[in-house]
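Because only heavy atoms are used, hydrogens play no part in the values below, and waters and symmetry mates are left out as well, while side chains stay in. All chains are named by letter (A, B, ...) in the order of the sequence lines, taking the proteins before the strands, and each is independently numbered beginning at 1.
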Number of protein chains: 2
Amino acid sequence: MEKGKYIQQKDLSTEQKIKDAAAIVFQKKGFAATRTRDIAEEAGLNLALINYYYRSKKNLFDIIMEEKLSTFFRTFIPFILSEGKTPEEKIKRISKDYISLLLENPDLPLFVLNAIHTNPEHFTKIVYGAEQIQHSPLVAQLKKLNPKAKFEQFFLNIMALCVFPFIMKPAISHLSDILSKDFENLMKERIEMIPKWMDAMIKVK
Amino acid sequence: MEKGKYIQQKDLSTEQKIKDAAAIVFQKKGFAATRTRDIAEEAGLNLALINYYYRSKKNLFDIIMEEKLSTFFRTFIPFILSEGKTPEEKIKRISKDYISLLLENPDLPLFVLNAIHTNPEHFTKIVYGAEQIQHSPLVAQLKKLNPKAKFEQFFLNIMALCVFPFIMKPAISHLSDILSKDFENLMKERIEMIPKWMDAMIKVK
DNA sequence: AAAAAATTTAAACAAATGATTAAAATTATA
DNA sequence: TATAATTTTAATCATTTGTTTAAATTTTTT
């Protein structure tokens, strides 16, 4: 009988195995629905080891949440702040790199946004980075392109176009017989289209 | 007993009070984190009444989920299928009526999409309506406007632009000192902008 | 190789929680 | 009004679940 599904983890430390397993289960079921026994089973380890290495379920969750918040938000911000080039090129990079990241972590958005919903304080640590955005070169470039455009709406739009499909993923996958492409191909098509769509939207008065 | 026309929470039946309270708590905390005691407290009723009227927590949740799925998806589909008029006018109606609906039910999207994530079978009942969309007049009209445009992407886009901000709401509200407008005003601005943005996106080759 | 330290295990505990029960209170019926 | 049916209540039950404990095992140190 195989318990943990990831055989290549044999050589990882027990501590790491627990974190990896916890990340999988927490993302699939959320904090409340996850039992420490689920994590132990996913890791193929004894239940007590979770408390031995991480003290409590909540502490383990917070550690994972901190990492996922970084992946989700802190990866996004450098894209915005990156120097040089035109807005068009920046948008192209954002959509390509961000969607690629999400294709590797499809459960990430729902997990993070759900955690912020039930515990907004989680988000406090992120605000710092967000403040930089409004003074970024990109915002200035956009203002020049279209003085009427609001940067808040711009960021909502590019995040919405990139992220929302991943939150809808279970529904989209369920519609595979209706749709012309599967989820991954839909998203790869979006990598090409989102920059064009964003360019068109920015010019709207 | 015939009820008066001006029904208040006080006059509602115990059954209804439980459902209302459960909807509030389930949307705030999700299924697993919600204790039946939370629902009883929110309703101001004895704990045992929940099982008396609804048999089990899961059954009560399923009833509420069915209603919320309808509100979230089945309200959207008639907008798409509505006859006559130009695509521009239809998009204008969708964005106005759908965002207005969500402003009244801001927790709805995360709740529904989260439930589909952990239990995709919930979504099965919705597929029927979705099949109609691809043969709708709107899809034909869009094809005419731009033969290269994919209707899957169109629906992802309009849903993303309308719905995603509500999933980000706790984060957006947390940024209120950075943003020029509060959440509700941001969304009211979007009601005006989304039709223009969608029109611009549709024309992209 | 012996002792000490670290890790792992099986078992158990204590609190939380969904559900039930039987009696009390209320409302409807005859 | 008296009786029956329905609704509400307080108490309790049985299970689940996060955590702890103490012994067993493995690894490191001397």
Salt bridge (charged side-chain N to carboxylate O under 4.0 Å, His left out) against B:Arg55, all qualifying residues, sequence neighbours excluded: none
Looking at residues at least two apart in the chain, or sitting in another chain, which of them share a ring pair (Phe, Tyr, Trp, His ring centres under 6.0 Å) with B:Phe123? A:His174, B:Phe73
Please name all residues satisfying ring pair (Phe, Tyr, Trp, His ring centres under 6.0 Å) with B:Phe61, sequence neighbours left out, ordered by chain then number. B:Phe26, B:Phe31, B:Phe111
Suppose we screen for side chain to side chain contact (heavy atoms under 4.5 Å, CB included). Which residues come up paired with A:Pro106, at least two apart in sequence or across chains? A:Phe166, A:Lys169
A:Glu184: what forms a salt bridge (charged side-chain N to carboxylate O under 4.0 Å, His left out) with it, not counting sequence neighbours? A:Lys188
Ring pair (Phe, Tyr, Trp, His ring centres under 6.0 Å) against B:Phe164, all qualifying residues, sequence neighbours excluded: none
Under 4.0 Å: is that the gap between some side-chain N or O of A:Thr36 and OP1 or OP2 of D:dG18? yes
For B:Thr14 and D:dT7, is the shortest distance between a side-chain N/O and OP1 or OP2 below 4.0 Å? no
Readout for nucleotides 9-14 of chain D: B = base within 4.0 Å of protein heavy atom, S = sugar-phosphate only, - = neither; 5' to 3' it is BB----
Ordered by number, residues from residues 50-64 of chain A within less than 4.0 Å of DNA chain D (heavy atoms) are A:Asn51, A:Ser56, A:Lys57
Counterpart residues, salt bridge (charged side-chain N to carboxylate O under 4.0 Å, His left out), relative to A:Asp107 (two or more places apart): none
For B:Tyr54, check ring pair (Phe, Tyr, Trp, His ring centres under 6.0 Å) against everything at least two apart and list the hits. none
B:Arg190: what forms a salt bridge (charged side-chain N to carboxylate O under 4.0 Å, His left out) with it, not counting sequence neighbours? none
Estimated bend of the helix from C:dA1-D:dT30 to C:dA30-D:dT1 (axis per five terminal pairs, rounded to 10 degrees): 10°
Without swapping roles, check the side chain of B:Lys68 against the backbone of B:Ala23 for a donor-acceptor pair under 3.5 Å. no
Whole-Å distance between C:dT9 P and A:Glu41 CD? 14 Å
